[in-house]
Amino acid sequence: MRLPVILFLTAISTVLAGSVTIQTLVFPSETATSYVEIVPMKLLNLKAFTLCMRVATEISIERKTILFAYRTGDFDELNVWRELDGRYSFALSGGSVVFSVPDLGAMQTHFCVTWDSSSGASALFMDGRKSLTKLYKKGHTIPPGGKVIIGQDPDSYLGEFDAKQSFVGEINDVNMWDSVLSDSTIKDMFSGKRVPRGNIFDWETIQLTTNGAVEVVNTEL
Amino acid sequence: MRLPVILFLTAISTVLAGSVTIQTLVFPSETATSYVEIVPMKLLNLKAFTLCMRVATEISIERKTILFAYRTGDFDELNVWRELDGRYSFALSGGSVVFSVPDLGAMQTHFCVTWDSSSGASALFMDGRKSLTKLYKKGHTIPPGGKVIIGQDPDSYLGEFDAKQSFVGEINDVNMWDSVLSDSTIKDMFSGKRVPRGNIFDWETIQLTTNGAVEVVNTEL
Amino acid sequence: MRLPVILFLTAISTVLAGSVTIQTLVFPSETATSYVEIVPMKLLNLKAFTLCMRVATEISIERKTILFAYRTGDFDELNVWRELDGRYSFALSGGSVVFSVPDLGAMQTHFCVTWDSSSGASALFMDGRKSLTKLYKKGHTIPPGGKVIIGQDPDSYLGEFDAKQSFVGEINDVNMWDSVLSDSTIKDMFSGKRVPRGNIFDWETIQLTTNGAVEVVNTEL
């Protein structure tokens with residue numbers, strides 16, 4: 001007779017307890033040398049994706065800053081930017097789609113990008129709130145075979161970095177899916193529920209290759 | 001057979017009910033004489049800490065204000081500041097680490113500082129939101145044997161105060177741990193869950209020595 | 001055996017469901033004639049109080065606006081103001097205590113005032129957040145025998161109104177207690193939990209006497 005109650009208490013404590021430890025990337029200063037390569041669990045051969053991360057940065061008002069870069073030998077295939085004018089964008093091998101959303105700051109923001117090739121529907125999420133939807137690169141496929149790096153924008157395949165566009169601040173909990181997650185799933189993730197694990201990147205089990213002055217700090221969620 | 005359910009209801013009501021009464025320190029005006037000394041339950045011989053408080057203040061735009069001071073005979077060992085330019089910082093015996101976060105105001109903010117000597121990881125929390133992590137004083141140990149005061153910055157051991165840097169406003173629920181609490185524990189604390197009691201300072205059982213024009217008001221949480 | 005659990009679930013759904021309909025006062029424009037008198041369930045002979053309401057208004061930047069007035073033959077015994085400079089205050093027969101808190105606006109705000117004669121502790125709450133505590137009129141007693149009105153500031157006993165200080169906008173859910181409620185009770189009220197009913201004013205059963213151009217609209221919570 002006691003079993004249901006005990007199970008219920010167990011479920012609550014699993015949701016609430018701070019028992020997950022994840023790695024946090026700290027980029028203390030502007031460099032052309034510090035970056036982290038992350039290896040996907042499957043090829044980035046994508047007709048749709050959801051990319052999420054927690055990010056905090058003391059960005060100066062006029063600065064273009066890279067948040068995520070996926071580059072093949074030929075192109076920047078999926079780059080996420082904080083633009084010079086404070087807007088946010090992502091680019092799939094040419095052109096980009098730009099959103100006038102609140103700026104990131106020194107307090108951590110849960111930040112996601114979603115894109116679906118079938119309609120071109122593109123949106124951002126900040127702390128669980130969804131932006132307007134824009135249509136971009138309908139029918140496009142993101143090609144496999146590149147490298148994913150955090151901290152720098154590679155102007156060639158894994159090389160030639162520009163310090164002025166490097167990331168400065170903190171990034172963790174980078175997760176990626178090959179589908180568009182529901183609005184409520186993204187809101188739950190922001191709230192700290194850790195149920196859906198990324199199938200391209202899963203930050204809890206991710207392997208990082210750090211280069212230059214990047215500190216990896218363990219954070220208990 | 002009813003016992004588990006009854007226990008569960010009791011646990012919920014204990015967490016949610018406003019049955020805890022705590023002391024609130026009110027500093028009504030700028031002085032060089034009003035301060036509160038608080039006595040720790042164990043020595044501040046620290047390789048890591050979490051320091052939290054609830055604070056509200058009608059700070060003027062250009063004013064340096066002390067939020068917490070721990071001083072030994074020789075040094076300011078752990079001082080937390082609202083800087084002249086509205087940024088927030090803490091200093092461990094020389095130098096400081098500074099964060100560009102939202103300013104405090106007349107509405108109460110749950111404010112925490114965490115630091116871990118093993119990596120130097122330093123962060124602020126405001127109303128459950130975490131700042132970016134900065135690296136500061138890796139390998140340092142905070143030494144025991146000083147005095148902790150609220151309301152003034154001691155330029156010598158428990159003496160010589162500067163009214164221009166005194167705290168004006170309200171502080172309560174000052175709790176301190178000798179470890180870095182998890183992000184979710186700090187978020188729970190902000191929400192009013194009162195489970196983890198500080199092992200250096202526990203505001204529910206704390207002993208205060210007030211000096212000058214400080215009012216101690218009882219507040220039911 | 002299942003009874004306690006079922007009762008518990010019923011209680012939760014009653015608290016959360018939008019089954020309560022209350023009256024909303026709409027003051028469409030500035031007048032010297034529109035006001036609502038509300039009759040207390042007990043005399044306002046008070047050593048402490050909590051006064052809450054939900055209020056929305058498109059206040060212009062420089063305008064003094066009355067939010068609540070209790071006047072005896074002799075004095076304004078408890079008036080709540082939005083001051084000319086955007087600060088908020090209340091006055092107990094002479095002088096006032098003023099708070100630099102965020103301004104009200106066109107989005108509804110849950111707004112409370114608390115005061116306790118034993119210490120003089122005075123605070124505001126906006127959407128569940130508490131302001132700093134200020135000390136005001138320690139030892140004072142609010143006297144019985146006056147009239148409570150919403151919409152105008154009576155410069156004499158229920159008369160002589162100034163249109164420039166009249167309330168324009170929407171007010172509902174005005175509740176008042178003869179004690180200081182706990183912080184968590186006020187936060188629960190903001191969240192829509194409707195458990196503690198006011199013992200001076202209970203808006204769910206209140207009787208209103210409207211005068212002039214005030215619309216009373218039914219709102220489902």
Side-chain angles (χ1 to χ4, degrees), chain A residues 1-29 54-61 102-110 126-128 167-173 190-194 213-221, chain B residues 1-12 15 48 50 86-89 97-103 109 111-112 114-136 138 177 179-191 193 195-196:
Chain A
M1 291 295 279
R2 277 191 181 166
L3 196 61
V5 174
I6 290 163
L7 284 178
F8 181 47
L9 292 176
T10 308
I12 285 179
S13 60
T14 305
V15 170
L16 298 181
S19 55
V20 179
T21 298
I22 64 172
Q23 299 176 96
T24 294
L25 307 178
V26 178
F27 296 83
S29 58
R54 293 181 197 270
V55 56
T57 172
E58 289 175 351
I59 264 167
S60 57
I61 294 176
D103 209 352
L104 296 175
M107 304 309 291
Q108 218 177 58
T109 299
H110 185 252
M126 299 177 86
D127 284 349
F167 179 77
V168 183
E170 171 194 311
I171 289 186
N172 70 26
D173 215 8
F190 156 62
S191 309
K193 294 183 187 135
R194 305 194 62 71
V214 188
E215 290 288 326
V216 181
V217 175
N218 285 322
T219 302
E220 198 182 342
L221 291 182
Chain B
M1 291 299 276
R2 275 192 184 164
L3 196 61
V5 175
I6 290 164
L7 284 178
F8 181 47
L9 292 177
T10 308
I12 285 180
V15 169
T50 301
R87 295 188 297 166
Y88 286 79
S89 69
V97 57
V98 188
F99 298 82
S100 297
V101 292
D103 209 351
T109 299
F111 181 82
C112 299
T114 63
W115 174 76
D116 181 357
S117 176
S118 69
S119 63
S122 307
L124 305 186
F125 289 76
M126 300 177 86
D127 284 349
R129 293 187 68 193
K130 186 178 186 175
S131 77
L132 78 176
T133 298
K134 296 197 170 187
L135 304 176
Y136 173 62
K138 182 174 174 173
W177 293 258
S179 62
V180 173
L181 299 181
S182 72
D183 296 2
S184 58
T185 299
I186 290 174
K187 191 176 281 190
D188 284 351
M189 222 188 313
F190 156 62
S191 309
K193 293 180 189 136
V195 178

On a heavy-atom basis, which atom in [X] and which in [Y] lie closest, and how many Å separate them?
| X | Y | value |
| --- | --- | --- |
| A:Gln108 | B:Arg129 | O-NH2, 3.0 Å |
| A:Met107 | B:Pro102 | CG-CD, 3.6 Å |
| B:Ser100 | A:Ala106 | O-CB, 3.0 Å |
| B:Leu132 | A:Ala56 | CB-CB, 3.4 Å |

For this session: Starting from the C-alpha separation in whole Å, work towards a yes-or-no answer on salt bridge (charged side-chain N to carboxylate O under 4.0 Å, His left out) for A:Glu58 and B:Lys134.
Result: CA-CA 11 Å; A:Glu58 289 175 351; B:Lys134 296 197 170 187; 2.9 Å; yes
Problem set entry | A:Asn172 versus chain B, the contacting section by heavy-atom distance below 4.5 Å |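 Neither part.
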For this session: Kindly indicate whether the side chain of B:Leu135, heavy atoms from C-beta on, has any atom under 4.5 Å from the side chain of A:Val217.
Result: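 They are in side-chain contact.
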For this session: Could you tell me whether the side chain of A:Glu215 reaches within less than 4.5 Å of the side chain of B:Thr133, counting heavy atoms only?
Result: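 They are not in side-chain contact.
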